[in-house]
Amino acid sequence: MESQRCKGARDLLAEDMERFRQVEDAFRNSCINWGYREIKTPTLEYIHLFTAAGTLTPAMLSRVYSFLDWDGWGGERIVLRPDGTIPAARLYSENFSGSKIARLYYVTNVFAFEETGKENREKWQCGVELLGDGNPTSEAEIIGLALEVLNTLGLAKASLKLSHAGVLKALIAELKLNTEEKADLLDEILEGNWQALSKVNGNKKIAAAVSTLMNLKGRSSGFLVNLAAMPGLSRSIVRELEAFAGVTGLLDTLGYKYEIDFTSIKGFEYYTGLCFKIRANNTKVCSGGRYDNLVGLVGGGNVPACGFALYLDELAAQVRPWSRQKAEKTVIVRVDSAGAESVKEAFKLSAALRSAGLIAELDFRGSQLDARWEISVQEKKPGYTVKDKIKNLQKKAADTNEVVNIIGGFGKVG
Amino acid sequence: MVSGVAQDTRLALPKGVMLSRTAEFLNSIGLGFEDYTSKTRIYRLRSQTMPSLCAKMLNERDIPVQVAIGNYDFGICTSDWLQELQARYPASNVVKVCDLEYDTAGIFLAFSRNASFTEDTLRDSDSTVRIVTQYPALAESAAYKMRLKKFRIFPLWGSAEAYLPENADLAVISAADEAALAAMNLRAVRKIADSSACIIAHREGLQTADFSRILAVFSSAFTGSGKSRVKTPAPSSVIDNDYAPAAANGNIWLALADGHQQVHTAAFLEKAGIKMQGYSKDDMRRRPASNMDGVNIKVIRPQDMPQQVANGNFDLAVTGKDWLLDHLYQFPSSPVVELADLGFGRVRVVAVVGEDVPADSIEGIRELIKSGKLTPLRIASEYVNIADKYLRDRHIARYRVIPTWGATEVYLPEDADMLIENTETGQTLARHRLKIIDTLFESTACLIGNRLSLDSTDKRAKIEKLVKIFRSIAG
């Protein structure tokens with residue numbers, strides 16, 4: 001049968017959702033433990049939130065889902081949220097006065113068109129934003145938080161790569177291009193085309209600095225200190241390199257391993273300082289950075305901020321589903337007779353099992369279900385037969401308390 | 001999708017302004033079609049020199065879409081419409097075979113010559129930049145590239161220049177050159193793209209079928225005397241677009257139709273004793289003068305009027321009920337209301353299928369769909385929102401609305417299964433072997449207004465006075 005499902009859309013089945021929730025739970029627990037509070041922004045936003053310079057690139061904007069609303073005769077287009085951070089910055093600017101520190105997290109879907117329809121057009125993210133703090137400790141904090149979540153999920157071998165939008169933007173500024181050329185070059189770089197930089201005519205010294213930056217990779221803040229000391233760099237580039245070294249110095253102190261690779265970041269449109277990405281099992285699972293101008297661009301004040309997004313779909317694919325664990329705790333309450341008395345007994349027993357922390361699933365049809373425990377409810381006393389399908393044991397019980405005790409005695413339920 | 005004999009090569013030719021020069025071009029390469037003239041009543045043409053080549057005449061704006069979806073192997077149109085399609089749908093299944101050297105123009109991003117701002121002030125502006133255009137996708141990418149913070153695009157059927165400077169800040173508009181732009185009282189910010197007549201092809205067809213014969217004929221356009229095979233210049237009919245800044249204060253704005261409806265509207269105004277200057281065939285202006293006190297008039301397309309009244313650019317407009325309904329179906333809470341039925345321009349808006357379709361009602365069509373035929377049902381219509389609501393309300397699943405820019409009757413039966421069309425007498429439909437299975441409503445010209453302008457005491461008296469005159473004549 002031809003699927004009725006929309007192209008580029010995906011159904012999440014029970015097992016997918018178990019993986020999904022596992023990531024979400026690990027993320028939420030860490031966030032709560034680090035003092036972050038949950039928010040949710042609406043699926044629909046006005047498009048102009050994303051069109052100002054320094055928010056989304058023209059290439060990304062040309063893939064948004066936008067439309068005129070039922071009252072859109074004024075021409076104002078609505079979009080399905082294409083990004084999590086920009087709406088969060090809007091929420092902050094409208095609800096937090098001054099530049100109060102806010103630690104926010106959210107789990108959200110984002111929408112972007114993808115031509116083939118084979119990739120998802122709706123993706124899920126776990127986002128963290130730390131607003132109101134310009135200190136490098138906040139980058140260290142969010143990186144620590146992201147690594148903790150990955151660690152909880154058993155992805156301890158994740159690799160962290162760093163770049164710095166401030167350094168790159170200072171370099172581009174040194175090229176002395178006109179507004180349009182600059183915008184075009186930035187758009188190219190944001191799409192990951194670093195070759196564009198080498199093709200620009202202009203300052204030879206800058207060109208040399210650019211190729212140095214692009215080719216070198218470093219693993220400590222000493223690398224950045226060396227770079228800053230290289231001859232021919234302008235004051236503004238040096239300042240940005242020093243800011244970068246400030247963060248990496250902290251990461252060194254905290255023992256976080258990383259690699260500095262200026263070309264590692266794509267799509268840092270709103271970032272102004274440190275950018276980072278984390279890969280696990282050769283898949284990008286997280287990206288983030290500092291975005292000090294964004295709150296101002298969406299109508300708020302001058303508020304320093306940084307944040308990251310974990311890619312929920314990619315992470316969910318890497319964790320083991322819960323089904324096995326769940327089967328351990330599941331008790332099938334089987335009723336062979338449809339008599340009212342048996343049904344009542346079965347409901348009563350199930351309630352008792354549930355309050356003892358077990359999963360009780362009713363079965364009136366004798367189907368084969370995946371569970372360790374099976375209890376048959378009989379009309380005649382003593383009433384219940386408890387089966388442990390793993391240990392292959394069987395025992396009769398007269399009342400619900402006895403059933404719970406038997407399950408407790410047969411095996412520790414985790 | 002395939003019509004008749006599979007080996008036939010299907011060519012889409014433009015109706016309208018491009019027709020005479022395209023015919024001249026085809027004749028020059030020995031590919032003439034006898035009935036390809038503006039007077040023809042036949043829309044299906046067959047080449048005398050190449051019998052396997054058949055052609056249909058479509059609105060040029062629809063040709064890239066029709067070639068992209070594979071209804072035609074080749075098409076001739078101006079490349080602006082191809083670029084518009086590709087800007088909106090980059091993966092479209094259509095390629096340009098070659099440019100032809102007639103109907104050349106530029107697509108410009110333009111200001112009014114009376115505008116007081118520059119590109120930089122627009123970019124830095126926090127207020128909303130209003131862009132009017134027949135090319136919404138090209139306009140959108142231009143606005144993204146310009147990094148405009150806030151902008152709104154008003155897609156138009158035409159006459160974009162008339163909106164500047166009072167009702168819009170920028171236009172994305174086609175013009176032969178900067179001088180032609182200046183003749184419309186506009187000034188270029190920059191040229192977005194070049195345009196000229198061109199031959200386009202369905203990409204997949206070009207990759208899989210043998211079209212070497214026709215391609216060889218097309219290639220002959222570029223050998224020998226090559227250049228300027230088309231000698232007739234494109235007609236330029238510029239309507240005076242002068243702007244007088246002082247006139248606007250405290251007056252209400254009335255929109256009147258250009259194009260086909262102009263004659264009927266002018267006759268109605270004359271009957272109402274309204275003297276007009278600059279609203280006749282010989283003397284057309286975008287801002288005609290009249291003997292009505294406190295009323296400014298602008299001449300635009302009737303299709304665009306309801307939305308322009310809704311957004312407050314105009315207080316009143318003379319348009320058709322069909323376009324009012326199409327607007328209200330798209331925006332149910334719109335403040336636009338009908339103030340007077342003017343009685344002229346009477347047409348029926350009908351659902352039409354081919355004579356051979358074994359159904360005489362929309363219920364019959366639904367039964368056909370249930371039995372697995374005609375699915376998805378393809379409906380071609382200029383009235384996208386009317387068509388959509390009609391099919392939705394009648395529980396037709398599944399259907400696809402194909403938006404068109406006119407000449408819709410030619411789509412049946414190959415390129416669509418049903419039309420939502422207007423008809424005066426039904427004769428054109430019958431001649432094309434089509435039958436009406438339902439009448440949706442009757443449409444006449446009407447005076448529309450904005451509820452919110454009626455709330456303003458300033459405007460109310462002027463509006464009511466005008467409504468009274470219009471009603472008395474129509475009554």
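Proteins come first, then strands; the chains are lettered A, B, ... in the order of their sequence lines, and each starts at number 1.
Qualifying salt bridge (charged side-chain N to carboxylate O under 4.0 Å, His left out) partners for B/Asp315, counting only residues two or more places apart in sequence or in other chains: B/Lys459. Applying the side-chain contact (heavy atoms from CB on, under 4.5 Å) criterion to A/Phe113, with sequence neighbours excluded, gives A/Arg63, A/Tyr65, A/Glu115, A/Arg121.
Counting only residues at least two apart or on different chains, the side chain to side chain donor-acceptor pair (under 3.5 Å) pairs with a member in residues 134-143 of chain B are B/Asp80-B/Tyr135.
Taking non-hydrogen atoms and a 4.5 Å limit, the residue list of residues 304-313 of chain B in contact with chain A, ordered by number, reads B/Gln307, B/Ala310, B/Asn311.
A/Phe50 contributes atom CZ, which lies 11.0 Å from atom OH of B/Tyr144 (distance to the nearest 0.5 angstrom). Between atom NZ of residue B/Lys145 and atom OG of residue A/Ser62 there is a gap of 11.5 Å, rounded to the nearest 0.5 Å. Between the OG1 atom of A/Thr51 and the CZ atom of B/Arg147 there is a distance of 9.5 Å, given to the nearest 0.5 Å. Distance check: A/Glu76 CD to B/Thr128 OG1 gives 6.5 Å after rounding to the nearest 0.5 Å.
Heavy-atom contacts from other residues, nucleotides or ligands closer than 6.0 Å to CZ of B/Arg88 number 12 or fewer. No more than 12 heavy-atom neighbours from other residues, nucleotides or ligands sit within 6.0 angstrom of CG on A/Asn302. For A/Lys284, the NZ atom is densely surrounded, since the number of other residues' heavy atoms within 6.0 Å is greater than 12. Environment of CZ in A/Phe111: crowded, with over 12 heavy atoms of neighbouring residues, nucleotides or ligands closer than 6.0 Å. No more than 12 heavy atoms of other residues, nucleotides or ligands sit less than 6.0 Å from atom OH of A/Tyr46.
A pairwise comparison of heavy atoms in B/Phe331 and A/Trp73 identifies CE2-N, 3.5 Å as the closest pair.
Only the side chain of B/Arg123 has a heavy atom closer than 4.5 Å to any heavy atom of chain A. Of the two parts of A/Leu49, neither the backbone nor the side chain holds a non-hydrogen atom closer than 4.5 Å to a non-hydrogen atom of chain B.
Chosen from B/Arg130, B/Arg190, B/His327, B/Arg398, the residue pairing most often with chain A at heavy-atom distances under 4.5 Å is B/Arg190.
At least one donor-acceptor pair closer than 3.5 Å links the side chain of B/Arg152 to the backbone N or O of A/Gly74.
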